[in-house]
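Beneath this line is the structure, given in structure tokens, with notes to follow.
Please read all numbers here as calculations on a predicted model, not as lab measurements.
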Amino acid sequence: MALLAGLSAWAIEQDSEGYYLIGSAADWDEFAAIVYNSNQYANAMMTADIDLGDDQTMIGSNSESGNSPAFRGVFDGQGHTLTIAYTNIGSSSVGAPFAKINGATIQNLHVTGSLSSAGFHPTSIVSDSWGTSRLENVWVDVNIVGTRTGWVEASGLVGCMKSGNLTLIDCMFSGTVNGAGSYNGCFIGYIDSGSATLTNCLSTGTFSYNGSGNGFRGTYTNCYVKQFPGTIPDEMQCTDEQLADGTIATALQAGRDEEVWVQDEATGAPMLKVFLPDDTQTSIEEINAATAKSGRRYNLMGQPIGRDYRGIVIEDGKKLIVR
């Protein structure tokens, strides 16, 4: 679909490095038009939270054709939230805020809202990925409904890896996916060709798929999943208790000096630090520093616990595993 095809000059502002500055739904629409009509290699950053309302505009073509325009630049959400309500995705189309990417980077972006689709690859960030692309520090809590039957490839984050190499690092899905079709996934719906690697990713979302062939696509390192309608690898399965006591937040942080994952005090669950104000997070160092007089134990949120507690505990300033 062509967007604003008649425009000969763009009103959207750019910074000194050439990044388009997106602070409104109108800016989102104009940037989508730039990508579609004139410059697939454009870079952009969000400068404010944006609610698209009933605006159905996506970045990149929503056509299944591999020859149609795809976003090829860097998109930095800068910790801001994009709210969507996509409802008009047809049976022969793909759908997500980024319908098609090819060699793109999407980072520091929170997407919330809803998406309903009668088409292919319904998901929350990227429907079709080509080339060498990357998602980092992305959090999604979109409610997704896919009504198409047959081979669909729905997921929480990326619908279909068409070709190339896709990397997901420090990404989180906490929404819902309800699909009528088959061959769906958790983080990634399906890989036609190429490869995908996922590191330090978390899904606390809920999935309901009526079709068959559902599974985990790609190579996973230090990733965790609460629920999925298919076999979850043992090393990836996590529980409500582990999410609440800081075990998973600590595991996802993975000993890095720069704080990426924290425990959200408001929800009692892991969260990417970029999306939380300072007063709603408990740092991993603060959690691990919990201590008291001899004989007292604390969980990884620093809360006193009984001697019958099983899991990772803090006692006298030391971390212990109680089995």
Practice task
Give the C-alpha distance, both sets of side-chain angles, the deciding distance and a yes or no for side chain to side chain contact (heavy atoms under 4.5 Å, CB included) between Ser124 and Leu157.
Solution key: CA-CA 5 Å; Ser124 60; Leu157 293 176; 4.1 Å; yes
Indicate the ring-plane relationship of [X] and [Y], choosing parallel, tilted or perpendicular according to the 30° and 60° boundaries.
{"X": "Phe98", "Y": "Phe75", "result": "perpendicular"}
{"X": "Phe228", "Y": "Phe216", "result": "tilted"}
{"X": "Phe207", "Y": "Tyr209", "result": "tilted"}

Exercise for the section: Report the C-alpha distance between Val274 and Trp139 in whole Å, list the side-chain angles of each, state the deciding distance to 0.1 Å, and finish with yes or no for side chain to side chain contact (heavy atoms under 4.5 Å, CB included). Expected result: CA-CA 10 Å; Val274 66; Trp139 166 38; over 6 Å; no
[atom1] of [X] to [atom2] of [Y]: how many Å apart, nearest 0.5 Å?
{"X": "Trp130", "Y": "Arg72", "atom1": "CH2", "atom2": "CZ", "result": "10.5 Å"}
{"X": "Gln56", "Y": "Leu115", "atom1": "CD", "atom2": "CG", "result": "8.5 Å"}
{"X": "Ser208", "Y": "Asn214", "atom1": "OG", "atom2": "CG", "result": "10.0 Å"}
{"X": "Asn200", "Y": "Asn137", "atom1": "CG", "atom2": "CG", "result": "10.5 Å"}
{"X": "Leu202", "Y": "Ile248", "atom1": "CG", "atom2": "CD1", "result": "7.5 Å"}
{"X": "Gln263", "Y": "Leu252", "atom1": "CD", "atom2": "CG", "result": "10.0 Å"}

Look only at the side chain of [X] and the backbone of [Y], and say whether a donor-acceptor pair between them is shorter than 3.5 Å.
{"X": "Glu259", "Y": "Asp257", "value": "no"}
{"X": "Thr147", "Y": "Ser117", "value": "yes"}
{"X": "Arg134", "Y": "Thr167", "value": "no"}
{"X": "Ser133", "Y": "Gly103", "value": "yes"}
{"X": "Glu153", "Y": "Cys160", "value": "no"}
{"X": "Lys100", "Y": "Ser63", "value": "yes"}
{"X": "Ser127", "Y": "His121", "value": "yes"}
{"X": "Glu30", "Y": "Ala11", "value": "yes"}
{"X": "Tyr19", "Y": "Ser16", "value": "no"}

Would a 4.5 Å heavy-atom cut-off, applied to side chains only, mark [X] and [Y] as touching?
{"X": "Asn62", "Y": "Ile89", "result": "no"}
{"X": "Leu243", "Y": "Tyr224", "result": "no"}
{"X": "His110", "Y": "Asp141", "result": "yes"}
{"X": "Leu52", "Y": "Leu82", "result": "yes"}
{"X": "Phe173", "Y": "Cys201", "result": "no"}
{"X": "Thr221", "Y": "Thr197", "result": "no"}
{"X": "Asn184", "Y": "Val177", "result": "no"}
{"X": "Ile188", "Y": "Leu198", "result": "yes"}

Problem - Distance-only side-chain donor-acceptor flag, Ser114 / Asn143, under 3.5 Å - result: no
Search all heavy atoms of [X] against all heavy atoms of [Y] and return the closest pair with its distance.
{"X": "Trp28", "Y": "Ile22", "value": "N-CG2, 3.7 Å"}
{"X": "Gly146", "Y": "Pro122", "value": "CA-CG, 4.2 Å"}
{"X": "Ala254", "Y": "Asn222", "value": "CB-ND2, 4.0 Å"}
{"X": "Ala32", "Y": "Ile59", "value": "CB-CG1, 4.0 Å"}
{"X": "Gln227", "Y": "Thr206", "value": "OE1-CA, 3.1 Å"}
{"X": "Thr83", "Y": "Gly113", "value": "CG2-CA, 4.5 Å"}

Problem - Enclosure of Glu235 CD (heavy-atom neighbours >12, cutoff 6.0 Å) - result: yes
Problem - Residue Gln237 excluded, over 12 heavy atoms near CD under 6.0 Å - result: yes
Does [X] belong to the same Ile/Leu/Val/Met/Phe/Trp/Tyr cluster as [Y], with side-chain heavy atoms less than 4.5 Å apart forming each link?
{"X": "Tyr86", "Y": "Val94", "answer": "no"}
{"X": "Tyr183", "Y": "Leu166", "answer": "no"}
{"X": "Val152", "Y": "Val142", "answer": "no"}
{"X": "Ile191", "Y": "Met236", "answer": "yes"}
{"X": "Met46", "Y": "Leu21", "answer": "no"}

Problem - Candidates Asp170, Ile169, Val158 - the one meeting side chain to side chain contact (heavy atoms under 4.5 Å, CB included) with Leu135 - result: Val158
Problem - Step-by-step side chain to side chain contact (heavy atoms under 4.5 Å, CB included) determination, Thr105 to Glu136 - result: CA-CA 8 Å; Thr105 295; Glu136 185 170 5; 6.0 Å; no
Exercise for the section: Flag this pair as yes if the NZ/CZ of Arg148 is under 6.0 angstrom from the six-membered ring centre of Phe120 and inside a 45 degree cone about the axis; otherwise no. Expected result: yes
Handout entry: Cationic N near anionic O, under 4.0 Å, Glu258 to Arg256
Key = no
Handout entry: Pair Thr123-Ser155, side chain to side chain donor-acceptor pair (under 3.5 Å): steps then yes or no
Key = CA-CA 5 Å; Thr123 189; Ser155 79; 3.1 Å; yes
Exercise for the section: Might you work through the side chain to side chain contact (heavy atoms under 4.5 Å, CB included) test for Asn43 and Glu17, ending with a clear yes or no? Expected result: CA-CA 9 Å; Asn43 297 328; Glu17 296 181 355; over 6 Å; no
Handout entry: From Asp128, Asp192, Asn102, residue fulfilling side-chain hydrogen bond (donor to acceptor under 3.5 Å, both in side chains) relative to Lys162
Key = Asp192
